[in-house]
There are 2 protein chains.
Amino acid sequence: MVEELDPRKKRILRAIIQEHIISASPIGSRTLAKKYNLDVSPATIRNEMADLEDLGYLEQPHTSAGRIPSDKGYRYYVDELIRDNSRKAPGMLNNIEDLYQDLQDVQDIISGMAKMLSNMTHYTAMVSEPKSQVSRLSKVEIMQLADNSLLLVLVTDAGMVNNKIINLDQKLSARKLSYINRFLSEKLESRLLAELNHAYLNELEKELLTRLDLSFELFKQFYNEFEGAFEPGGVKVYLGGTSYILEQPEFNDLARLKKMLKLLDQEEMLNKIINSISGSDLAIKIGQENEVEDIRNCSLVVATYYISNRAVGKIGVIGPTRMEYPRVISSVNVISDILSKLISKASG
Amino acid sequence: MVEELDPRKKRILRAIIQEHIISASPIGSRTLAKKYNLDVSPATIRNEMADLEDLGYLEQPHTSAGRIPSDKGYRYYVDELIRDNSRKAPGMLNNIEDLYQDLQDVQDIISGMAKMLSNMTHYTAMVSEPKSQVSRLSKVEIMQLADNSLLLVLVTDAGMVNNKIINLDQKLSARKLSYINRFLSEKLESRLLAELNHAYLNELEKELLTRLDLSFELFKQFYNEFEGAFEPGGVKVYLGGTSYILEQPEFNDLARLKKMLKLLDQEEMLNKIINSISGSDLAIKIGQENEVEDIRNCSLVVATYYISNRAVGKIGVIGPTRMEYPRVISSVNVISDILSKLISKASG
DNA sequence: GTTAGCACTCTCGTTAATTGAGTGCTAAAA
DNA sequence: TTTTAGCACTCAATTAACGAGAGTGCTAAC
């Protein structure tokens, strides 16, 4: 499928893609010959372009327009043609780290990094919360707020904090409460969230009921929250720079823009999008390669971030297929590194 | 400024506004005569329209277009012409309450109500978090997560929960921790947040330092969070139904749309918008009446919501001046009632 | 005070003409 | 054999012209 192209074809393909990234419109042989030093005439370029089209790297929106890169073209560009100056924006890393080092709430860090990434790339950025399935519960505690209301606090080793207010119809004595707390600590803390399934919680409930005559009420609410808060599909996705979409000429079409914005409004969709990306370190999905139908005219550049070397979440950028890949790739790399560091620090 | 209009003028003005709300385009005398039973000829209507224009209730986009309502026209409509069938959508209230009664996390309730309101009105809804200045702190607690990391939990009587992870360079003994907790409870709980200013916290710090040889570190972080979390201007604003803007023909203009979406991206702006609304129960700001420049072509319908009769937050709708006021007003009323109830319940 | 009639204005949508960028092909040059 | 120049052709996009339609303001009659 991926043939080796001769050097001239490579040069021409690269030039077309770079030009198209700038202009967002079809590129003709003439423009190309003028702007890039290819040392051949437009006619030759035309021939090469025809070849590249036959091979599937280019497309023609209509006869007598120039060519635009196809998904396959972008793919080739990303895999083969980008010079590796994209590894890292140098000193930057330290500066940003400094800037954000007093952000210690995990949620803040995440949404801050989403904003940062979108600012750097001028595309919309998305970051998913640390995945719960590989996290452990590091703290469970129920606090008394008032006679009939409690606060349940759950903390994972990824530093994610979840809380819920629970109202009871009866007062819970301090003795009972501290008993429950000890019990839950013992049974739940330092376990993988994935282990804490329905069955296990049910078991706990029975056990607790035999020891204390406790109404179902508390427990029911307790694990409603539990399952809700940490269920696999339900992680939050933070967005940054939604309005950058508006600057992309491909979204000058109102219908398309509408579709896109509606999409970004739906959290489940975002989840699907960002989680449909396989586990590799940096993944790039171009156009039709995307699983989610509605973004088949977009590209994703997504990296995984880590807490103490455990993969926990995704951070990435979504934009038109005509994307400034080198810059975006380097930014996503940088920011995912920073995110990993910050979040590892924050979660102790 | 607000003259009394004769009955026929009133009827015509109302008809024009209602028609314009539906069609979003200028209304001519002919259409009006046909669609509404006004029992006069187009010519008469033309004369009346000319009068209404002179009085400032109508505008003409250009000669030989129909008329559209001016801000003043809408204002008159809202104040005088809406029949009071807008008080309440009947059985609805109970249903929604039932639907949401198991939502007990305040943040969830708020964002749920934002979504609900936007679904009902098909405009963008905004809800501000309970204002902190009139809330009391009902619970302060520091929990140990690991040797050198703590979790600070703050709960207000409005049910708002805030937490922050604090990392220390030294280990804090259990004795010291429980001492601090008692101390903070005593000094802080059930106080108005407004009282907990820099000066007061400073005093506490000194007092605590004389009793325990505690590094500054903890306290510094502690009240960073404190001031950050509950500062007056910094309440969160939840949005619902952002994408409904796209359905309004007045935002078919890309430039305008862009401006609007950018605006909604900026939380400070949202704060400014929703907090610029005076304290009355239901406020309506039409076009130029808005303080924030960028929404001078929009209308706001905003209600206050309450926790146990104390005003704490705002909930409202933003849309084009051509807004279905009766329906929106009733929806905002209903939802703000529900929100008050739910949130009062949730916060015990 | 109301209405009919009429000339006038302005927008909007359609069609037609023009422009210009770009192609593919052929034949000559290298 | 490869490259290039030349030329006829295509098609989208812009502009101009035009007619239709909606609406107005004014005047004169009812």
Side-chain angles (χ1 to χ4, degrees), chain A residues 5-13 15-17 19-20 22-70 73 249-250 252-254 256, chain B residues 5-13 15-20 22-70 73 249-250 252-254:
Chain A
L5 298 179
D6 69 68
R8 193 170 64 190
K9 283 201 175 55
K10 281 190 190 175
R11 257 185 302 146
I12 290 177
L13 180 55
I16 290 175
I17 293 184
E19 188 61 21
H20 179 67
I22 297 167
S23 71
S25 53
I27 316 301
S29 53
R30 203 149 214 288
T31 347
L32 216 58
K34 256 185 289 180
K35 277 209 177 180
Y36 291 77
N37 272 355
L38 297 171
D39 291 328
V40 285
S41 75
T44 313
I45 296 179
R46 277 204 289 286
N47 290 332
E48 295 287 34
M49 281 162 88
D51 289 352
L52 284 168
E53 185 174 359
D54 288 341
L55 292 170
Y57 294 100
L58 296 178
E59 286 169 1
Q60 212 171 7
H62 53 85
T63 16
S64 104
R67 304 300 209 291
I68 58 173
S70 66
E250 23 273 282
N252 274 358
D253 178 22
L254 259 186
R256 246 177 111 179
Chain B
L5 297 180
D6 68 67
R8 193 170 64 189
K9 282 200 174 55
K10 280 189 189 174
R11 257 185 302 145
I12 290 177
L13 180 56
I16 289 175
I17 293 184
Q18 287 177 354
E19 187 61 21
H20 180 67
I22 296 167
S23 71
S25 51
I27 316 299
S29 53
R30 205 150 213 285
T31 346
L32 216 57
K34 255 184 291 179
K35 277 210 176 181
Y36 291 77
N37 274 356
L38 297 171
D39 290 327
V40 287
S41 75
T44 313
I45 296 177
R46 276 205 289 286
N47 290 333
E48 295 286 35
M49 281 162 86
D51 288 353
L52 285 167
E53 185 174 357
D54 286 345
L55 292 170
Y57 294 100
L58 296 178
E59 286 170 359
Q60 214 172 8
H62 53 84
T63 17
S64 102
R67 305 297 210 291
I68 59 174
S70 66
E250 22 273 283
N252 274 356
D253 178 22
L254 260 185

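As the structure is a computational prediction, the values presented were derived from the model and not from experiment. Here is how names work: the chains are called A, B, and so on, in the same order as the sequence lines, proteins then strands, and each is numbered from 1.
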Checking side-chain contact (heavy atoms from CB on, under 4.5 Å) against L58(B), which of I16(B), D51(B), I68(B) comes through?
I16(B)
For N47(B), check side chain to side chain contact (heavy atoms under 4.5 Å, CB included) against everything at least two apart and list the hits.
none
How do G66(A) and A65(B) order along DNA chain C: which one's closest nucleotide is nearer the 5' end?
A65(B)
For chain B, the stretch of DNA chain D it reaches, first to last nucleotide, under 4.0 Å of its heavy atoms
dG23(D) to dG25(D)
Sequence-distant partners of R11(B), side-chain hydrogen bond (donor to acceptor under 3.5 Å, both in side chains), two or more places apart:
none
Partner residues of S23(A) under the side chain to side chain contact (heavy atoms under 4.5 Å, CB included) criterion, sequence neighbours left out
S25(A), I27(A)
Apply side-chain hydrogen bond (donor to acceptor under 3.5 Å, both in side chains) to E250(B) and list each qualifying residue two or more places apart in sequence or on a separate chain.
R322(B)
Interatomic distance where NZ belongs to K9(B) and C1' belongs to dT2(C) [whole Å]
13 Å
Can you pull the salt bridge (charged side-chain N to carboxylate O under 4.0 Å, His left out) pairs that have at least one residue in residues 55-67 of chain A, sequence neighbours excluded?
E53(A)-R67(A)
Quick check on contacts: within residues 41-49 of chain B, what sits under 4.0 Å from DNA chain D by heavy-atom distance?
R46(B), M49(B)
D6(A): partners by salt bridge (charged side-chain N to carboxylate O under 4.0 Å, His left out), with sequence neighbours left out:
K9(A)
Who passes side-chain hydrogen bond (donor to acceptor under 3.5 Å, both in side chains) against N37(B), sequence neighbours left out?
none
What pairs with T44(A) under side chain to side chain contact (heavy atoms under 4.5 Å, CB included), at least two apart in sequence or on another chain?
R8(A), V40(A), S41(A)
Sorted by number, residues from residues 30-40 of chain B placing a heavy atom under 4.0 Å from DNA chain C are V40(B)
Using the salt bridge (charged side-chain N to carboxylate O under 4.0 Å, His left out) rule, collect all pairs that involve residues 28-44 of chain A, keeping only residues at least two apart or in two chains.
E19(A)-K35(A)
